[in-house]
Amino acid sequence: MLLGLFISLLTLVADQVSKHFIFRFVLENGSPYDVCDYLNIVSAFNKGVSFSMFDNGGLWGRIILIAFALGVIAFLLLWMKDETSRFVRVSLGLIVGGALGNVIDRLRMGAVYDFLDFHYGAYHWPAFNVADTFICIGAFFIILHAICHRKKVSK
């Protein structure tokens, strides 16, 4: 479990440090800042969940989202404690660290700070951050592990 907790801590630090420096960068250089033909750095505050869903819930919406995230984190930590696979523990650590990073944003700023804006021409993917990236990678690895290690059901 210690490895998973360590990965959670590293993920959380990477997320919070990236948000701090990007926020300062945007203050100095403006938003959007064109990095290349398909990536901008923006300054976006997401009060909802993925793709800004449920972003008009006010204070109670924020409290519910924080409580829900903390419940999911508690579940993942219990799973991590009992998990035998190091690969899955690391993957859970990525998700927990990313989720904690976004919870910290909600507590400090009332919203999650997003800054990565990938696009193709006029089509933009919703802005996201490092925490979201780690959450997706962790979830992908858990699904990959489940597919590769599924037990065959005898007929």
Side-chain angles (χ1 to χ4, degrees), residues 1-29 31-33 35-36 38-55 57-118 125-150:
M1 177 153 174
L2 286 177
L3 177 61
L5 292 175
F6 180 69
I7 295 299
S8 295
L9 178 64
L10 287 178
T11 301
L12 175 61
V13 168
D15 172 62
Q16 291 297 296
V17 167
S18 69
K19 289 172 180 171
H20 172 78
F21 283 109
I22 292 295
F23 188 76
R24 289 184 55 186
F25 177 83
V26 167
L27 285 177
E28 293 172 8
N29 296 288
S31 170
Y33 180 85
V35 176
C36 61
Y38 55 87
L39 173 63
N40 297 331
I41 301 297
V42 297
S43 191
F45 291 91
N46 182 358
K47 293 181 180 178
V49 292
S50 300
F51 313 122
S52 295
M53 292 184 300
F54 314 117
D55 66 346
L59 177 62
W60 281 108
R62 182 173 147 208
I63 291 169
I64 290 168
L65 289 175
I66 290 170
F68 180 75
L70 291 174
V72 169
I73 290 167
F75 169 77
L76 294 174
L77 288 172
L78 289 173
W79 179 4
M80 187 188 300
K81 180 177 77 83
D82 296 332
E83 181 58 51
T84 57
S85 166
R86 286 180 88 182
F87 185 78
V88 173
R89 285 194 309 263
V90 167
S91 301
L92 290 167
L94 292 171
I95 298 170
V96 167
L100 282 171
N102 285 340
V103 165
I104 288 171
D105 284 4
R106 286 189 198 286
L107 289 170
R108 282 182 358 152
M109 300 179 283
V112 174
Y113 183 61
D114 293 326
F115 55 86
L116 295 170
D117 173 35
F118 282 91
W125 185 259
F128 61 98
N129 59 43
V130 171
D132 300 334
T133 304
F134 283 128
I135 290 168
C136 290
I137 291 170
F140 173 79
F141 284 160
I142 289 171
I143 293 167
L144 182 65
H145 183 270
I147 290 169
C148 292
H149 292 88
R150 69 177 180 238

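All values derive from a computational prediction rather than experimental measurement. Note that the numbering runs from 1 along the sequence shown for the chain.
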- Taking every heavy atom of Gln16 against every heavy atom of Gly101, the minimum-distance pair comes out as NE2-O, 3.1 Å
- Under the side chain to side chain contact (heavy atoms under 4.5 Å, CB included) test, which residues partner Leu9, sequence neighbours left out? Val13
- Message: Suppose we screen for ring-ring contact (aromatic ring centres under 6.0 Å, His included). Which residues come up paired with Phe118, at least two apart in sequence or across chains?
- Response: Phe128
- Partners meeting side chain to side chain contact (heavy atoms under 4.5 Å, CB included) with Leu76 (sequence neighbours left out): Val72, Trp79, Leu92, Ile95, Val96
- Can you tell me if CZ on Phe87 sees more than 12 non-hydrogen neighbours from other groups inside 6.0 Å? yes
- By side chain to side chain contact (heavy atoms under 4.5 Å, CB included), which residues pair with Ala14, not counting sequence neighbours? Phe134
- Note on the structure: Correct closest heavy-atom pair for Ala44 and Ala127 would be CB-CB, 4.3 Å
- Note on the structure: For Ser91 and Ile142, the nearest pair of non-hydrogen atoms, with its separation, is CB-CG1, 3.5 Å
- Item | Leu70 CG to Leu65 CG distance, which is reported to the nearest 0.5 Å | 11.0 Å
- Message: Take a 6.0 Å sphere around CG of Leu2 and say whether it holds more than 12 heavy atoms from other residues, nucleotides or ligands.
- Response: no
- Task: Would you give the length of the straight line joining atom CG of Asp117 to atom CD1 of Ile41, rounded to the nearest 0.5 angstrom?
- Result: 8.5 Å
- Query: Residues in ring-ring contact (aromatic ring centres under 6.0 Å, His included) with Phe75, at least two apart?
  - Reply: none
- Between the side chain of Arg62 and the main-chain N/O of Lys47, is any donor-acceptor distance below 3.5 Å? no
- Nearest 0.5 Å, what's the CZ-CD1 distance between Phe140 and Ile143? 8.0 Å
- Message: Has Arg89 got a side-chain atom pairing as donor or acceptor with Leu3's backbone, closer than 3.5 angstrom?
- Response: no
- To the nearest 0.5 Å, how far apart are CZ in Phe115 and OG in Ser31? 12.0 Å
- For Asn102, side-chain hydrogen bond (donor to acceptor under 3.5 Å, both in side chains) partners two or more places apart: Lys19, Asn129, Asp132
- Task: Check Val42 against Pro32 and note the closest heavy-atom contact, atom names and distance.
- Result: CG1-CB, 3.8 Å
- Query: Got more than 12 heavy atoms from elsewhere within 6.0 Å of CZ, Phe25?
  - Reply: yes
- Message: Return the OG1 to CG distance between Thr133 and Asp15, rounded to the nearest 0.5 Å.
- Response: 9.0 Å
- Can you see which heavy atom on Met80 is nearest to which on Met1, and at what distance? SD-O, 3.9 Å
- Note on the structure: Those residues at least two apart in sequence (or on a different chain) that pass side chain to side chain contact (heavy atoms under 4.5 Å, CB included) with Ile64 are none
- Distance from Leu77 atom CG to Asp82 atom CG, nearest 0.5 Å? 11.5 Å
- Item | Over all atoms of both residues, closest heavy-atom pair of Ile135 and Ala99 | CD1-N, 3.6 Å
- Query: Who passes side-chain hydrogen bond (donor to acceptor under 3.5 Å, both in side chains) against Ser43, sequence neighbours left out?
  - Reply: Tyr113
